[in-house]
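Below is one structure, written out as structure tokens; the observations come after it.
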Amino acid sequence: MASFKDKIDLREDIHDLYDNNKEDELQEKLGKRTGEDPSELTSVTPNTNALFNHILPDEDPLEYVTQRRENAAEWTDLRKRGTALLMLLNLQIGRPKYERVGQIRKPDRADFLMAAIAHDKEYELSSDAYMPTTLPIGAEQYWDDPPSRTTLPEQHLDTIAHVDERFESNLTDWLSDNTDVRDADYGVYVLDCTPPTGLDEPESIWLLRRDVQATLEFGADIEGSIKKAGVALNENCRTYYVGMAENPADRVVAHIEGAHKSVTDMTNLFSPVVLCELHPCETEDDAEELEGERADEINNMDCAFAHSDQLSVDPLEYL
């Protein structure tokens with residue numbers, strides 16, 4: 001059983017901040033505490049800068065990430081800042097590495113203010129010191145190592161191109177034989193985003209699986225696609241990402257390279273390993289419909305989990 005009794009637990013403090021303040025009040029209080037103009041704290045960039053200036057004033061957020069994340073030099077500045085903000089929140093209050101920060105919402109603002117308060121109270125700057133902030137209070141009693149992932153189920157879908165150094169070349173070759181997809185105005189794509197197993201499994205995935213397992217045993221609901229994917233991984237499922245876009249062939253390349261990834265994108269945590277499918281569509285409505293249909297079909301396969309913004313059925317109902 002994983003130890004939790006000696007960890008700093010800020011969950012009730014964060015809940016109190018959330019419950020006793022309106023969102024604009026949290027923004028105002030963070031501005032006052034950090035010496036920043038509250039009206040400027042509207043998005044990822046100013047909030048990242050404010051918290052870094054307050055907690056790690058000698059660190060530049062962009063350089064901080066670039067020095068600590070592989071291939072981060074190729075990321076957009078927005079993704080770098082979002083990642084830097086998450087790293088800082090993880091160190092200062094224990095916000096889990098799998099809880100991405102994107103469009104700023106009230107729960108994020110409670111975390112931001114808690115981080116500034118924790119720093120001012122000289123709390124430790126170490127993720128190991130804290131209880132995960134999003135773990136339901138009481139679920140920690142069920143903390144234990146998650147189910148072992150030593151082997152993967154066979155891939156359910158075909159392969160267009162593996163995500164490696166030859167990805168773009170192999171995709172170009174495939175598109176030359178599938179000009180209807182190459183020339184389509186809209187389309188749907190499917191990515192296999194199954195994390196590696198065993199010792200190669202990223203720490204953030206292992207922590208996600210541990211926490212969703214404890215949450216389920218505690219009897220709390222699992223909310224959000226990332227946590228639901230964690231449940232699926234504990235059932236030894238493959239994880240797929242189904243999306244739609246204009247100019248799908250170009251979009252999928254940019255998506256995999258990270259040029260268009262938002263800081264909350266599921267594929268920031270679940271890195272694509274194989275491009276499985278590309279389907280042409282005539283209109284945006286056709287693409288949205290096909291995206292949902294294809295995701296539902298994949299979720300109905302054995303040992304498969306698919307994320308999509310167009311799902312008609314909760315994927316956990318298939319597990």
Side-chain angles (χ1 to χ4, degrees), residues 6-18 20-134 202-204 207 258 261-265 268-269:
D6 296 330
K7 290 185 179 290
I8 301 170
D9 191 348
L10 298 176
R11 290 174 296 176
E12 289 189 358
D13 301 83
I14 293 170
H15 290 171
D16 287 345
L17 288 175
Y18 182 90
N20 297 323
N21 293 275
K22 296 179 180 179
E23 184 170 354
D24 60 343
E25 292 173 333
L26 292 170
Q27 184 173 337
E28 183 77 22
K29 289 180 179 179
L30 179 65
K32 289 182 178 178
R33 189 170 284 271
T34 60
E36 304 288 340
D37 182 351
S39 67
E40 298 292 327
L41 301 177
T42 57
S43 61
V44 166
T45 294
N47 280 281
T48 301
N49 293 339
L51 285 172
F52 263 80
N53 288 339
H54 190 68
I55 299 172
L56 293 175
D58 296 329
E59 297 282 0
D60 174 83
L62 301 182
E63 289 298 321
Y64 188 84
V65 170
T66 301
Q67 294 168 3
R68 292 167 174 80
R69 289 290 186 272
E70 186 178 0
N71 300 322
E74 302 172 8
W75 296 355
T76 63
D77 283 355
L78 176 60
R79 185 181 175 191
K80 289 179 185 177
R81 287 194 173 90
T83 302
L85 180 55
L86 175 59
M87 292 169 69
L88 185 57
L89 293 173
N90 178 252
L91 289 172
Q92 187 62 83
I93 63 172
R95 177 164 170 149
K97 295 178 180 179
Y98 53 79
E99 290 287 354
R100 297 310 201 239
V101 183
Q103 183 177 355
I104 306 301
R105 304 184 186 279
K106 187 179 178 183
D108 300 312
R109 295 197 182 281
D111 280 359
F112 299 167
L113 182 55
M114 188 71 253
I117 292 171
H119 169 73
D120 293 344
K121 290 184 175 181
E122 299 184 350
Y123 284 8
E124 192 171 348
L125 193 65
S126 169
S127 59
D128 292 337
Y130 295 93
M131 286 296 303
T133 56
T134 56
E203 180 191 24
S204 56
L207 294 171
K261 287 182 183 177
S262 73
V263 292
T264 54
D265 199 310
N268 277 333
L269 183 65

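From a predicted model like this one, the values you see are computed outputs, not experimental measurements.
In this view, E203 and K97 satisfy the salt bridge (Lys or Arg N to Asp or Glu O under 4.0 Å) rule, not counting sequence neighbours. K29 meets the salt bridge (Lys or Arg N to Asp or Glu O under 4.0 Å) test with no other residue; sequence neighbours excluded. Every salt bridge (Lys or Arg N to Asp or Glu O under 4.0 Å) that R11 has, sequence neighbours left out, goes to D9, E140. Judged as a salt bridge (Lys or Arg N to Asp or Glu O under 4.0 Å), and not counting sequence neighbours, E63 has no contacts. For the ring-ring contact (aromatic ring centres under 6.0 Å, His included) test, residues two or more places apart in sequence or in another chain that qualify with Y64 are F52.
G102 and V44 make their closest contact through O-CG2, 3.1 Å (heavy atoms, listed as atom of the first residue, atom of the second, distance). When all heavy atoms of I93 and A118 are compared, the pair lying nearest together is CG2-CB, 4.3 Å. Minimum heavy-atom separation, S204 to L269: OG-CD1, 3.3 Å. Residues A129 and E124 come closest through the heavy atom pair CB-OE1, 3.6 Å. Closest heavy-atom contact between N47 and S43: ND2-O, 2.8 Å. In this structure, A110 and L26 approach most closely via the heavy-atom pair N-CD1, 3.9 Å.
Expressed to the nearest 0.5 Å, how far CG of L125 lies from CD1 of I55 amounts to 7.5 Å. Atoms CD1 and OG1, on I14 and T133 in that order, are 5.0 Å from each other to the nearest 0.5 Å. Atom-to-atom distance recorded for D24:CG and Q27:CD is 7.5 Å, nearest 0.5 angstrom. Summarising the geometry, atom CD1 belonging to I117 is positioned 9.5 Å from atom CG belonging to L10; distances are rounded to the nearest 0.5 Å. Atom CG of L17 sits about 11.5 Å away from atom CD of E25, to the nearest 0.5 Å. For the atom pair CG (N90) and OG1 (T83), the distance works out to 12.0 Å, reported to the nearest 0.5 Å.
When atom types are taken as modelled, the side chain of K106 and the backbone of Y18 share a donor-acceptor pair closer than 3.5 angstrom.
Side-chain atoms of N53 and E36, non-hydrogen and from C-beta on, do get closer than 4.5 Å to each other. Between L30 and P38, the closest side-chain pair of non-hydrogen atoms is not below 4.5 Å. Side-chain contact check for L41 versus F112: every heavy-atom pair is 4.5 Å or farther apart. Contact check for D120 versus H54: side-chain heavy atoms found under the 4.5 Å cut-off. When side chains are defined from C-beta on, L91 does not count as touching M87, because their heavy atoms never get closer than 4.5 Å. Between I104 and T42 there is no side-chain heavy-atom pair separated by less than 4.5 Å. R81 places a side-chain heavy atom less than 4.5 Å from the side chain of N49.
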Self-check item: Test side-chain hydrogen bond (donor to acceptor under 3.5 Å, both in side chains) applied to S39 and D37, step by step
Solution: CA-CA 5 Å; S39 67; D37 182 351; 2.9 Å; yes
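Looking only at atom types and distance, the side chain of R100 has no donor-acceptor partner in the side chain of N268 under 3.5 Å away.
A salt bridge is defined here as a Lys NZ or Arg NE, NH1 or NH2 lying under 4.0 Å from an Asp or Glu carboxylate O, and D108 with R95 meets this definition.
Sorted by first and then second residue, the ring-ring contact (aromatic ring centres under 6.0 Å, His included) pairs involving residues 90-109 (not counting sequence neighbours) form an empty list.
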